[in-house]
Amino acid sequence: MREGTGGCVMVPGLVDPFKDMLDRQGFVVLDGGLATTLEAHGHDLNDELWSARLLLENPGAVLRVHREFLGAGADCLITASYQASLDGFARCGLNAEAGAAAIRSSVDLAVKARREFLESQEAAAARSTPLIAASIGPYGAYLADGSEYSGRYDIDDGALRAFHAPRWGILADTEADLLACETIPSLREAAVLLGLLADTPGVWAWFSFSCRDGVHLNDGSRFVDAVRLCAGAGRVVAVGVNCTAPDHVAALISAARAETDGPIIVYPNSGETYDATSRTWCPAVSDVLWEDRVRSWFSAGAQGIGGCCRIGPQKIAMTRRVLNGG
């Protein structure tokens, strides 16, 4: 990573940016669903590029959402690169140079939002400098067929690495503080990404898995095996789950805590289920308040807490209040 903004200087290979924030305040509030909030503002994301399309057509909309999450209390912005890839942009007619520029712009927008926040918000003086996590979504996100919810890909490990490597290299050479390998559905894809991390000195990353229940990843592998895999690797700042139903999170935290002393992150979805065919959400019914879930997750050992699909700035503000002792 290059030198960051806001007075936070990255020391490649030495300074774990996530641990640095945990040491200062004891928790990290992650942001919420970028696409969810864009849709709430009226943007139609029914497209193979999903929220990454707005990097091309309306970057100001992405910037607006980053600002909202910072204002709500987020300590970490996750970039709009989840579904951005050179292959994906090429499928939409962009050449490699234009695709790479679009991927870099996802970090530039988050950097701009952070800089504006630090310059204009009086409350920023009492907050740690927000982190920027450059999103690395799974191969299934590029396929846009829901296969990130199964982890079943019809390619071998070499092809999987070849898909991930260009975006990885682009994002590793930006002002992001770390990479967010997220919604990982399988041990196989995690191993490929860990291989890229091992081959990229000075870069830090978290690994967040998508789970179908309180024991298994979406592909049926055991979550504890994924935690062990990451715990044995270097420069993994945290391990955890995202895009997973809230009802499963407590059990997954417990499983992770039994395998690692490192930071655990959780940013689940709302519990609604996504129908990849109709591209719609089926409502979930629960009488458990978000604030109570956050308290229980933190008490169980999660140190980074936020939200994924269907979790907007309001719930991130609630998360901040709870973690502040409210």
Going by distance alone, is a donor N or O of one side chain under 3.5 Å from an acceptor N or O of the other, for Thr37 and Glu68? no
Just by distance, do the side chain of Arg167 and the backbone of Ala84 share a donor-acceptor pair under 3.5 Å? yes
Answer yes if the side chains of Ser85 and Asp87 hold a donor-acceptor pair under 3.5 Å, and no otherwise. no
Main-chain N/O of Val203 paired with Thr200 side-chain donor or acceptor, under 3.5 Å: no
Contact between Lys112 and Leu63 at the side-chain level, heavy atoms closer than 4.5 Å - yes or no? yes
Donor-acceptor contact below 3.5 Å, side chain Ser270 vs main chain Ile311: no
The residue among Thr79, Leu171, Thr183 that forms side-chain contact (heavy atoms from CB on, under 4.5 Å) with Ile136 is Leu171
Can you see whether Asn218 engages Ser210 through a side-chain donor-acceptor pair at a distance of less than 3.5 angstrom? yes
Tell me whether the rings of Tyr139 and Tyr142 are parallel (<30°), tilted (30 to 60°) or perpendicular (>60°). tilted
Is the side chain of Thr319 donor-acceptor paired with the backbone N or O of Lys315 at a distance under 3.5 Å, no angle test? yes
N/O donor-acceptor pair under 3.5 Å between Thr244 side chain and Val241 backbone: no
Could you tell me whether Lys19 and Asp16 have a side-chain N and a carboxylate O separated by less than 4.0 Å? no
Could you check if a side-chain atom of Asp247 sits within less than 4.5 angstrom of a side-chain atom of Arg293, using non-hydrogen atoms only? yes
Residue pair Arg127 / Gln25, side-chain heavy-atom distance below 4.5 Å: no
Below 4.5 Å, heavy atoms only, C-beta onward: do Phe207 and Ile184 meet side chain to side chain? yes
Is any side-chain heavy atom of Ser51 less than 4.5 Å from a side-chain heavy atom of Leu38? yes
Within-4.5 Å side-chain heavy-atom neighbours: Asp75 and Phe27: yes
Within the side chain of Arg188, is there an N or O that forms a donor-acceptor pair under 3.5 Å with the backbone of Ala191? no
For Arg91, I'd like to know if atom CZ has over 12 heavy atoms of other residues, nucleotides or ligands within 6.0 Å. yes
Min side-chain heavy-atom separation Glu182-Ser135 under 4.5 Å: yes
Between Arg114 and Pro130, is there a donor-acceptor pair closer than 3.5 Å when you use the side chain of the first and the backbone of the second? yes
Determine whether Ile264 and Trp297 make a side-chain contact, defined as any pair of heavy atoms from C-beta on separated by less than 4.5 Å. no
No-hydrogen, no-angle side-chain donor-acceptor test under 3.5 Å, Ser128 and Arg24: yes
Donor-acceptor contact present, side-chain Tyr153 to main-chain Gly140, <3.5 Å: yes
